[in-house]
Student: 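Dumping the structure here so I can ask a few things about it.
Quick caveat: nothing in here was measured; it's all calculated off a predicted structure. Letters A, B, ... are given to chains in the order of the sequence lines, protein chains preceding strands, and every chain is numbered from 1.
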There are 2 protein chains.
Amino acid sequence: MSNQIGLGLHHLKTLNALRQTGSLVEAARMLHLTQSALSHQVKELESRIGMELFVRKSKPLRFTSAGLRLLTLADDLLPQIRLAEQDLLRLAGGESGRLHMAIECHSCFQWLMPTIDSYREHWPEVEMDFASGFNFAPLPALARAELDLVITSDPLLSPELVYIPLFDYEMLLAVSRRHPLAQKEWIAPTDLRQETLITYPVEHSRLAVFKDFMDKAGEEPAATRTAEMTLMMLQLVASQRGVCALPNWALAEYLDKSHIQCRPLGEQGIWCTLYAAIRAEHQEQPYIVDFLETAKETCFSRLDGIRPCKTNEVSYSLSTVL
Amino acid sequence: MSNQIGLGLHHLKTLNALRQTGSLVEAARMLHLTQSALSHQVKELESRIGMELFVRKSKPLRFTSAGLRLLTLADDLLPQIRLAEQDLLRLAGGESGRLHMAIECHSCFQWLMPTIDSYREHWPEVEMDFASGFNFAPLPALARAELDLVITSDPLLSPELVYIPLFDYEMLLAVSRRHPLAQKEWIAPTDLRQETLITYPVEHSRLAVFKDFMDKAGEEPAATRTAEMTLMMLQLVASQRGVCALPNWALAEYLDKSHIQCRPLGEQGIWCTLYAAIRAEHQEQPYIVDFLETAKETCFSRLDGIRPCKTNEVSYSLSTVL
DNA sequence: TGAGAATAATGAGTTTGATTCAATTTGCGT
DNA sequence: ACGCAAATTGAATCAAACTCATTATTCTCA
């Protein structure tokens, strides 16, 4: 008779995910559950409350007043719980540690900076450092324990490394607004035959445009040139010096301002996953785990166009079995 | 890997109960769980956090910093959840209703007033009223639906009534500090042979001092006289006009101030349960359920000496089976 | 408007975590 | 050292929450 409703934290998390994603399927993916689970869960909760939590029909998913009430509750509670858990982890498992990281793509600074900022508040003792640039291979360095974390979308499987997926994103081709390709709905590999493709200065085999798009069709762009920074690439694109493939979330903020448009690669689009690579021994380390958690939160709250990823973790043993 | 700790609301509730009661046994009783359950629960949580939550030895149960951190979390979250659930209940199941109540013992005003105050904030539409006094029988009136809630420690089983236990309390004998009985550790039935016993003006068979103490031993006090109010009784006791049996929680606030002392009745003491009687059909009514919830909260936070009760609910069918 | 794809609901079966029960250990007062 | 109450422990049980497989609904685009 007590606790009529029996609200649980998972309910709040579900509602929250539901709001962020706008659909059961996506929310389920974000929570690493099945869509069925959520359906049951919500239904059960609704029956206990005695009214619906959201209107099912209608695409961007509208919440009822009851749903909204629970969402405000979630907004109050979840962050507090997050903080408390962080405090506990710090209290328990050594406050300090080393977190030397490297990113493979400069765009990542966009979310890495805020991530680090909020992380540092909670782990002031963790010694942080980064390296970036295309002139050295970070993953081997990670395996050798010269680094502790590498952000990459191009996993290099190795027994001592584990890849934690952060989010899925789409590779888009950025073209000038006046460029003929801007007219097309989506880009075919042959469309790039006469284009100059601007890329980061790394081997083509590690770039999704090549690996998953051009190479598959046996096509090549007319020319390639490299640039180290996203902004510079976009300047070149805007000046009609070429086209380039970039993550949708990195592009998002430039789309209105600049004279740039973007188009999917292929009819389905090319979707990639961004991973955080860490050494397997670090998998349970509170200060590492919390960094990853913070990173995901930051990304999902600041980046447009990204999606929660299906898989939960990629390690050597796991994926070599597949 | 996500959500390292997996904190749940039941953890917070447990910690909270542990603080209030000071022991696993009592906390378990308060939560209507076994003590074993709590032991497992706490142990599991501690193992996930990686440190102890409280020091086991040491009687008034000391919390570690981790434990304290979680308690502050509990203090933040639990009330918010409570509020949200109230809001939902109101949203869902009609905001209004009738709540006419009666108390059998004037002392209950002590906790009933604050209960009503905080209740009214959340259920402004509920129409409240009370009756009190010894000149009419409230339980039959409740069965006849003239009342909706009766506070009593003396259940009168009837098929349409249900008794929700609020808390357990001890009946104590109040005596003047200069009274000879003040010297005794505890009071025996024979001790009252030459005393004047002051009681509320109801049948003796409904008073625990008689039913569970004197009658059992076949004893009688030298005389009895009645008074309607606790305060008046205590004045009489202080003036050596007699002794009286009152609930420990009702006595608590007068002990220091006045020249009154109190002693257990019998070696084990006499423990009673205070119930809220409602009509069975009202068992699920949100506005009733919430009133009971509010009452319990108020009692446990304001009354000294009371204990959570073992049983969860007493109804006609249930107890006639026993 | 009707076929196909995506999303949601449903039912049965399974898993997992929380709880109980029974037995044992620990701590404390005499 | 003994005895009692409280706490721990392990095995067994139970129920909530989840998955899988299927069906129903809704959306969208020809």
Student: Could you state the CG-P distance from A:L18 to C:dT7, rounded to the nearest angstrom?
Tutor: 13 Å
Student: Determine, stepwise, if the pair A:Q86 / A:D290 fulfils side chain to side chain donor-acceptor pair (under 3.5 Å).
Tutor: CA-CA 7 Å; A:Q86 283 175 328; A:D290 191 50; 3.0 Å; yes
Student: Using whole Å, what does the distance between atom C1' of nucleotide D:dT8 and atom CD of B:E52 come to?
Tutor: 12 Å
Student: How many whole angstroms separate atom NE2 of A:H10 from atom C1' of C:dA18?
Tutor: 13 Å
Student: Measure CD/B:E46 against C1'/D:dT8 and give the value in whole Å, please.
Tutor: 12 Å
Student: Specify the separation, in whole Å, of atom CG of A:L31 and atom P of D:dC18.
Tutor: 9 Å
Student: At under 4.0 Å, does any side-chain N or O of B:R56 touch on OP1 or OP2 of D:dA6?
Tutor: no
Student: Are any non-hydrogen side-chain atoms of A:N16 and A:D75 less than 4.5 angstrom apart?
Tutor: yes
Student: If you draw a 6.0 Å radius around CZ in A:R62, do more than 12 non-hydrogen atoms from other residues or ligands fall strictly inside?
Tutor: no
Student: Is a salt bridge present between B:R82 and B:E297, judged by a nitrogen-to-oxygen distance below 4.0 Å?
Tutor: yes
Student: Figure out the CG/P separation between A:L24 and D:dT19, and round it to whole Å.
Tutor: 13 Å
Student: Heavy atoms only, 4.0 Å cut-off, all strands: where does B:E44 land among base, sugar-phosphate and nothing?
Tutor: nothing
Student: Nearest whole Å is fine: how far is C:dG17 C1' from B:L45 CG?
Tutor: 14 Å
Student: Determine whether more than 12 heavy atoms belonging to other residues, nucleotides or ligands lie under 6.0 Å from atom CZ of A:R48.
Tutor: yes
Student: Carefully, step by step, assess A:L18 and A:L53 under the rule side-chain contact (heavy atoms from CB on, under 4.5 Å).
Tutor: CA-CA 11 Å; A:L18 230 31; A:L53 290 170; over 6 Å; no
Student: Between N or O atoms, less than 3.5 Å apart, protein on one side and nucleotides 20-22 of chain C on the other: list the pairs.
Tutor:
from, atom 1, to, atom 2, distance (Å)
C:dT20, OP2, B:T34, N, 2.7
C:dT20, OP2, B:T34, OG1, 2.5
C:dT20, O4, B:H40, NE2, 3.2
C:dC21, N4, B:S36, OG, 2.5

Student: Under 4.0 Å between a side-chain N or O of A:K43 and OP1 or OP2 of C:dT10?
Tutor: yes
Student: Could you tell me the separation between the CZ atom of A:R307 and the C1' atom of C:dT7, rounded to a whole number of Å?
Tutor: 14 Å
Student: Taking the six-membered ring of A:F54 (Phe, Tyr or Trp), confirm whether the NZ or CZ of A:R56 is under 6.0 Å from its centre and within 45° of its axis.
Tutor: yes
Student: Contact class for A:S39 vs. all strands (heavy atom < 4.0 Å): base, sugar-phosphate, or nothing?
Tutor: base
